Student: 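If you scroll down you'll find the structure; I have some questions about it.
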Amino acid sequence: AAAGSFFFQHRPDIPGFDDIGTPTGPLTNNNYQAVVGLAFSPIRSFSVGVNVKYFRERLDSFHAGGVAVDLGVAYSFNPVGIRLGVAAQNLGADVKFEDVGEPLPTTIRAGASHTFAVVPKALECTYAFDLVKPRYESLFLSAGVEALLCETLALRAGWCGQESRQGSGLTVGGGVRVLDRIQLDYAWTPYGELGNFHRVSLYFSLN
């Protein structure tokens with residue numbers, strides 16, 4: 001299977017201050033990322049995948065960009081609806097803002113999910129857990145649940161236990177499938193003093 005995506009994140013301007021605390025005006029900040037992915041199954045129920053992504057970030061007049069790679073494997077226990085996976089994300093060279101180099105936020109994830117039918121064809125539920133180890137941060141747990149109604153409408157809730165994260169770590173959202181090949185998703189995430197983040201995703205399938 002082959003896939004591609006484009007992600008753009010716009011944030012409200014950040015108040016700017018000079019070295020003595022005098023306001024200097026708002027600072028623009030945003031980023032985007034383009035991804036190409038490939039996955040295959042060398043044996044039944046076992047999958048291997050790789051993403052190659054180009055990213056660019058802007059903070060006021062400063063820009064930085066680079067290339068990163070994600071690698072992952074997954075195994076499905078199809079009769080019982082259980083799936084296990086491990087991934088290494090953001091592998092690559094350091095990124096420079098001006099002359100200062102910063103390592104990519106390399107992250108290791110190991111997770112599991114379970115999908116089961118409450119009412120066949122009418123209500124299906126999935127719950128999932130991830131153990132996440134970012135570079136320079138402590139190991140933390142994330143969890144989520146999804147209720148899929150009539151294979152069309154999804155309601156979701158999640159929680160992230162990352163210590164450095166602003167806010168409570170809770171998030172909610174949902175999605176709707178249109179014409180079997182198009183899916184529209186929405187997620188709302190509060191980030192404490194940074195405000196609320198709204199993510200809208202549109203998926204197309206060529207199958």
Side-chain angles (χ1 to χ4, degrees), residues 1 3-14 28-37 39 49 51 53-59 68 70 72 74 81 83-90 104-116 118 123-134 137 139-205:
S5 68
F6 181 81
F7 170 82
F8 176 80
Q9 186 174 57
H10 170 76
R11 308 180 189 93
D13 291 344
I14 299 173
T28 300
N29 67 117
N30 54 56
N31 65 72
Y32 68 84
Q33 179 175 271
V35 184
V36 175
N51 287 332
K53 48 195 179 183
Y54 174 79
F55 58 89
R56 191 161 183 83
E57 185 168 359
R58 176 187 178 188
L59 179 58
D70 302 335
R83 188 171 178 85
L84 306 176
V86 178
Q89 299 176 296
N90 301 320
L104 291 176
T106 302
T107 302
I108 306 298
R109 294 177 178 269
S113 68
H114 181 215
T115 300
F116 60 97
V118 179
L123 177 59
E124 183 177 270
C125 288
T126 299
Y127 57 91
F129 301 90
D130 269 1
L131 282 174
V132 187
K133 178 60 177 74
E137 293 190 44
L139 185 74
F140 66 89
L141 175 69
S142 293
V145 62
E146 176 191 80
L148 181 62
L149 307 174
C150 300
E151 300 181 340
T152 301
L153 178 65
L155 303 175
R156 306 184 183 102
W159 174 78
C160 176
Q162 188 174 16
E163 292 181 1
S164 62
R165 186 185 182 94
Q166 292 285 331
S168 65
L170 295 176
T171 183
V172 295
V176 60
R177 180 172 297 173
V178 182
L179 302 176
D180 292 330
R181 296 190 178 187
I182 301 175
Q183 181 171 321
L184 179 66
D185 285 347
Y186 167 77
W188 171 79
T189 305
Y191 273 90
E193 294 181 358
L194 297 178
N196 298 321
F197 280 47
H198 304 272
R199 176 177 293 187
V200 178
S201 304
L202 185 63
Y203 298 89
F204 299 90
S205 174

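No experiment lies behind these values; they were computed from the predicted model shown.
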Student: Is the backbone N or O of Glu124 less than 3.5 Å from a side-chain atom of Thr126, with the two atoms forming a donor-acceptor pair by type?
Tutor: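 A pair under 3.5 Å: no.
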
Student: Set out, in order, the CA-CA distance, both residues' side-chain angles and the distance that settles side chain to side chain contact (heavy atoms under 4.5 Å, CB included) for Leu153 and Leu148, then state yes or no.
Tutor: CA-CA 6 Å; Leu153 178 65; Leu148 181 62; over 6 Å; no

Student: If you count every heavy atom of other residues, nucleotides or ligands that lies below 6.0 Å from Arg199 atom CZ, does the total exceed 12?
Tutor: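 For Arg199, atom CZ is not crowded (no more than 12 foreign heavy atoms under 6.0 Å).
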
Student: Does anything in residues 151-163 pair up under salt bridge (Lys or Arg N to Asp or Glu O under 4.0 Å), and if so which pairs, sequence neighbours excluded?
Tutor: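 Those involving residues 151-163 are Lys121-Glu151, Glu146-Arg156, Arg156-Asp185.
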
Student: If I take atom CD from residue Glu137 and atom NZ from residue Lys133, how far apart are they, to the nearest 0.5 angstrom?
Tutor: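 Spacing of CD (Glu137) from NZ (Lys133) equals 8.0 Å.
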
Student: For the residue pair Asp70 and Gln89, confirm or rule out a side-chain donor-acceptor distance under 3.5 Å.
Tutor: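 Note: Asp70 and Gln89 side chains miss the donor-acceptor criterion.
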
Student: Check Lys53 against Val35 and note the closest heavy-atom contact, atom names and distance.
Tutor: CB-CG2, 3.7 Å

Student: Is there a side chain to side chain contact (heavy atoms under 4.5 Å, CB included) between Arg58 and Thr28 once you walk through the steps?
Tutor: CA-CA 7 Å; Arg58 176 187 178 188; Thr28 300; 4.0 Å; yes

Student: Of all heavy-atom pairs between Leu141 and Phe129, which one has the smallest distance, and what is that distance?
Tutor: CD1-CB, 4.3 Å

Student: Find the distance between CG (Asn90) and OG1 (Thr106) and round it off to the nearest 0.5 Å.
Tutor: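 With rounding to 0.5 Å, CG (Asn90) is 6.0 Å from OG1 (Thr106).
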
Student: Below 4.5 Å, heavy atoms only, C-beta onward: do Tyr32 and Phe6 meet side chain to side chain?
Tutor: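 Result yes, sub-4.5 Å side-chain heavy-atom pair found.
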
Student: Looking at Leu202, I'd like to know if its CG atom is crowded, meaning that more than 12 non-hydrogen atoms belonging to other residues, nucleotides or ligands lie closer than 6.0 Å.
Tutor: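 Above 12, so yes.
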
Student: Mind checking whether Ser142 and Trp159 have side chains closer than 4.5 Å, heavy atoms only?
Tutor: no

Student: Do Val200 and Leu184 have side chains that approach each other closer than 4.5 Å (heavy atoms only, starting at C-beta)?
Tutor: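 Touching, per the 4.5 Å side-chain cut-off.
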
Student: Please name the pair of heavy atoms, one in Asp130 and one in Gly111, separated by the smallest distance, quoted to 0.1 Å.
Tutor: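 Of all heavy-atom pairs spanning Asp130 and Gly111, the closest is OD1-CA, 3.2 Å.
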
Student: Please verify the inter-ring angle class for His10 with Phe8; under 30° counts as parallel, over 60° as perpendicular, anything in between as tilted.
Tutor: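 Parallel: the ring planes of His10 and Phe8 meet at under 30°.
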
Student: Give, for atom CG of Asn196 and atom OG1 of Thr189, the distance between the pair rounded to the nearest 0.5 Å.
Tutor: 9.0 Å

Student: Parallel, tilted or perpendicular, judged at 30° and 60°: which one describes the rings of His198 and Tyr186?
Tutor: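 His198 vs Tyr186 ring planes: parallel.
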
Student: Got a second to check how far Tyr127's OH is from Ser113's OG, nearest 0.5 Å?
Tutor: 9.5 Å

Student: Nearest heavy-atom pair of Asn51 and Gly37: which atoms, and what distance?
Tutor: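 Closest approach of Asn51 to Gly37: OD1-CA, 3.3 Å.
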
Student: Between CD of Gln183 and CZ of Arg177, what distance do you get to the nearest 0.5 Å?
Tutor: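 Going from CD on Gln183 over to CZ on Arg177, the span is 5.5 Å.
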
Student: For Phe197, is the CZ atom crowded, meaning more than 12 foreign heavy atoms sit under 6.0 Å from it?
Tutor: yes

Student: Between SG of Cys150 and CG of Leu123, what distance do you get to the nearest 0.5 Å?
Tutor: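 Going from SG on Cys150 over to CG on Leu123, the span is 8.5 Å.
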
Student: So which atom in Pro134 and which in Phe140 form the shortest heavy-atom distance, rounded to 0.1 Å?
Tutor: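 Of all heavy-atom pairs spanning Pro134 and Phe140, the closest is CG-CE2, 3.5 Å.
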
